[in-house]
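Taking it in order: structure first as structure tokens, then the write-up.
Values below: all heavy atoms of this structure, side chains included; hydrogens, waters and symmetry mates excluded. Proteins come first, then strands; the chains are lettered A, B, ... in the order of their sequence lines, and each starts at number 1.
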2 protein chains.
Amino acid sequence: MGRVKLKIKRLENLSGRQVTYSKRRAGILKKTKELSILCDIDILLLMFSPTGKPTLCLGEQRFVSL
Amino acid sequence: MGRVKLKIKRLENLSGRQVTYSKRRAGILKKTKELSILCDIDILLLMFSPTGKPTLCLGEQRFVSL
DNA sequence: TGGCCTATTGTTAGGTC
DNA sequence: CGACCTAACAATAGGCC
């Protein structure tokens with residue numbers, strides 16, 4: 001999606017990785033929460049930003065960025 | 001998306017939850033892998049199906065359904 | 001359950017502030 | 001870094017096998 005189609009390979013630019021990370025992280029967190037509610041299931045999601053900052057998501061609970 | 005807009009609330013029908021789980025799980029797993037590759041980061045995703053079957057995904061590695 | 005199909009709605013790249 | 005905008009492209013609900 002987006003104005004241009006991205007090839008799924010490592011983005012060479014750090015700032016580009018951070019911007020893409022922030023945007024896509026929001027989308028994945030949203031889908032994760034929706035799935036946990038729709039299907040009434042447990043989901044654990046832990047990811048680290050390109051600079052190492054962790055984000056933890058436990059189902060429909062508010063996600064925690066440490 | 002889809003033919004009809006779904007309200008984000010628990011699906012009352014078990015078979016419906018399983019079908020939705022299967023379809024959306026595939027989408028989330030895809031996005032998780034893309035993000036780990038694009039941004040060169042670590043991601044851990046663990047989720048349980050409506051019947052309790054776990055799926056573990058570690059970044060770009062092939063996901064493991066136990 | 002899983003794959004295919006397609007109308008519809010959702011996500012996001014690039015840019016600006 | 002986050003919020004907002006919007007054109008493009010992607011995910012998916014429902015249906016059928």
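- Taking the side chain to side chain donor-acceptor pair (under 3.5 Å) definition, one finds that B:Glu34 meets it with A:Arg24, sequence neighbours left out.
- For B:Ser22, the side-chain contact (heavy atoms from CB on, under 4.5 Å) criterion is met by no residue, not counting sequence neighbours.
- Here the P atom of nucleotide D:dC9 and the CE atom of B:Met1 are 18 Å apart, to the nearest Å.
- In this structure, the CD1 atom of B:Ile28 is 12 Å from the P atom of D:dA11, given to the nearest Å.
- The NZ atom of B:Lys7 sits 16 Å away from the P atom of D:dA13 (whole-angstrom rounding).
- Considering only side-chain N and O atoms, A:Lys5 lies under 4.0 angstrom from the phosphate OP1 or OP2 of D:dA10.
- Both A:Val4 and B:Arg24 lie near DNA chain D, and the one whose nearest nucleotide falls closer to the 5' end is A:Val4.
- In this structure, A:Leu6 places its CG atom 10 Å from P of D:dA10, rounding to the nearest Å.
- Connection of A:Leu29 to A:Ile41 is established within a shared hydrophobic cluster, with ILVMFWY side chains joined at heavy-atom distances below 4.5 Å, either directly or through further cluster members.
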Enumerate the protein-to-nucleotides 1-5 of chain D contacts in which both atoms are nitrogen or oxygen and the separation is below 3.5 Å.
from  : atom 1 : to      : atom 2 : distance (Å)
D:dC1 : OP2    : A:Gln18 : OE1    : 2.9
D:dG2 : OP2    : A:Ser22 : OG     : 3.1

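- When the P atom of D:dT12 is taken as reference, atom CG of A:Leu38 falls 11 Å away, rounded to whole Å.
- Remark: A:Arg10 pairs with A:Glu12, A:Arg17, B:Asp40 by the side-chain contact (heavy atoms from CB on, under 4.5 Å) rule, at least two apart or across chains.
- Within the helix from C:dG2-D:dC17 to C:dC17-D:dG2, the inter-axis angle between the opening and closing five-pair segments is 50°, rounded to 10°.
- When the P atom of D:dT12 is taken as reference, atom CG of A:Leu35 falls 9 Å away, rounded to whole Å.
- In 5' to 3' order, the nucleotides of DNA chain C bounding all contacts with chain A (an atom under 4.0 Å from a heavy atom) are C:dT11 to C:dG15.
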